[in-house]
There are 2 protein chains.
Amino acid sequence: MGTYPARKRRTRSDGERSYRTILDTAARLATLEGLEGLSIARLAGEVGMSKSGLYAHFDSKQDLQLATVGAAEDVFTAEVITRAMEKPEGIERLQALCQRYLSYVKRAVFPGGCFFSSTAAEWDTRRGPIRDRVRTVLAGWTELLEANVLAAQQQGDLAQDVDAGQLSFEINALLHEANGHYLLFRDPAALDRAQTAIEDRLARA
Amino acid sequence: MGTYPARKRRTRSDGERSYRTILDTAARLATLEGLEGLSIARLAGEVGMSKSGLYAHFDSKQDLQLATVGAAEDVFTAEVITRAMEKPEGIERLQALCQRYLSYVKRAVFPGGCFFSSTAAEWDTRRGPIRDRVRTVLAGWTELLEANVLAAQQQGDLAQDVDAGQLSFEINALLHEANGHYLLFRDPAALDRAQTAIEDRLARA
DNA sequence: CCTACCGATCGGTAGG
DNA sequence: CCTACCGATCGGTAGG
């Protein structure tokens, strides 16, 4: 997009590639240092360009942070949601979503665990567009769980009298604790405990 | 302790009072801005003294951070644990610990919710003494839950075949999710949902 | 506990 | 996409 002279001819895909490299790197670093703690110079160094090189893609740090949340959402969708959507709606998809989430933590898709878990903790007491975006993503995830609880109820795989909102809350609690405990204590047993608890909870409902 | 001239005579209690004011303020701010994001100048301004005034009490930022974690632990003990210890060991104390935790979140003892939940999320991928200290506090809390699960089992209030570690993990998950959801969505229903889930879980076990 | 200062780094801009 | 620069703020220190 720029009008700077270029030694090699720049193509549209060159710009897109570096744009994605910046955001993927930013999302990874944000799970280690926080979305606020991440500095422009540090990020520039990591992707091998200058600070002002980044400002060719983003107007401000907040603009970069917002785009980073969007890129992280794309990763989350690809790594957790898409594969679970292959399963039929209802109990099977619900279980697949949980398994994919735990696998996404274990595979260290982001080096600092679930991007939205750490970013929510960092931004939950701040105001503005980034907090709002994180809220929207997490609310969407919870609604996805709820929709599959409801479908499972209609299909007779979960009891009619269970509160879908309550059950989704409990499942989310187990998934987030698995992430947090796994990161703090480097203990893979946390992932198994969440899996066990979710299976038991669903079998009972 | 210093040898600076003083207009008013400094007593030992003056120094102790400002030491505690600094740490209490630091702990409160850390739940809003992070223990790393909190700056010395910002903290100094908040407590009404100069930056170098703080360095009369602490050798470095890390020293301050470590002392802040200790002060936060004292608050947590006073606000959550002490009152629950009035109940007899076992199921009653276990329920009291959970209720006191949820009340500590709701009462906004720290403006950014549970100090150890937010600090754990910030430090779980870092190394060093602060991460270690946060680990120790959270491990101690989990052991306290476990000890009361075991006592409840011996007293016949919980089934013998429940895994105390597993049950403590699930309770912790619900408490932490209550904190996180309450903060991000400003939704008091999250606290009720955790309370309900814990009661159900204990009634079943 | 203060003022005054240090080098390093922050987010961001001018100009090409 | 670069170099060179801006004022502000960072953690920390000297000296009292």
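Please read these numbers as outputs of a predicted model, since none were measured by experiment. Order of the sequence lines sets the chain letters (A, B, ...), proteins ahead of strands, with each chain counted from 1.
Per the geometry, CD1 belonging to A:Ile40 stands 16 Å off C1' belonging to D:dC1, to the nearest Å. Atom CG in B:Leu43 sits about 15 Å away from atom C1' in D:dG12, given to the nearest Å. Note: CD (B:Glu33) to P (D:dC10) measures 10 Å, nearest angstrom. Between the CG atom of A:Asp63 and the P atom of C:dT13 there is a distance of 12 Å, given to the nearest Å. As a whole-Å value, the separation of A:Leu35 CG from C:dG11 C1' is 15 Å. Note: CG (A:Leu54) to C1' (D:dT3) measures 15 Å, nearest angstrom. Distance, A:Met49 CE to D:dC2 P: 6 Å, rounded to whole Å. If you measure from atom CZ of A:Phe58 to atom P of D:dC1, you get 10 Å, rounded to the nearest angstrom.
Under 3.5 Å, the side chain of A:Ser52 and the base of D:dT3 form at least one donor-acceptor pair of N or O atoms. One N or O donor and one acceptor, one from the side chain of B:Lys51 and one from the base of D:dG12, sit under 3.5 Å apart. Side chain B:Ser39 to base D:dC10: no donor-acceptor pair is found below 3.5 Å.
Applying the 4.0 Å criterion to OP1 and OP2 of C:dG11, one finds that A:Ser60 has every side-chain N and O outside that range. Considering only side-chain N and O atoms, A:Ser50 lies nowhere under 4.0 angstrom from the phosphate OP1 or OP2 of D:dC1.
Taking only side-chain atoms of B:Lys61, from C-beta outward, the nucleotide of D:dC2, D:dC1, D:dG11 with the closest atom is D:dG11. Of all nucleotides listed (C:dC2, D:dC1, C:dG12), D:dC1 comes nearest to the side chain of A:Ala56.
Under the Watson-Crick and G-U wobble criteria, each requiring two contacts below 3.5 Å, nucleotide D:dG15 is paired to C:dC2.
Here A:Arg193 does not pair with A:Glu177 in a salt bridge; the nearest charged N to carboxylate O distance is not below 4.0 Å.
Across the interface with DNA chain C, nearest-nucleotide mapping of A:Asp59 and A:Arg42 shows A:Arg42 to be the residue nearer the 5′ end. In this structure, A:Glu36 and B:Ile22 both approach DNA chain C, and ranking their closest nucleotides by distance from the 5' end singles out B:Ile22. Both B:Gln62 and A:His57 lie close to DNA chain D; mapped to their nearest nucleotides by heavy-atom distance, the more 5′-ward contact belongs to A:His57.
A:Leu38 comes within 4.0 angstrom of sugar-phosphate atoms only, judged by non-hydrogen atoms across all strands, and of no base.
Side chain to side chain, B:Gln99 and B:Gln95 fail the donor-acceptor criterion of an N or O pair below 3.5 Å.
In this structure, B:His57 and B:Tyr19 have tilted ring planes: the angle between them lies in the 30° to 60° band.
Taking OG from A:Ser39 and NZ from A:Lys51, the interatomic distance works out to 8.5 Å, rounded to the nearest 0.5 Å.
The shortest non-hydrogen separation linking B:Tyr104 to B:Phe115 is OH-N, 3.2 Å.
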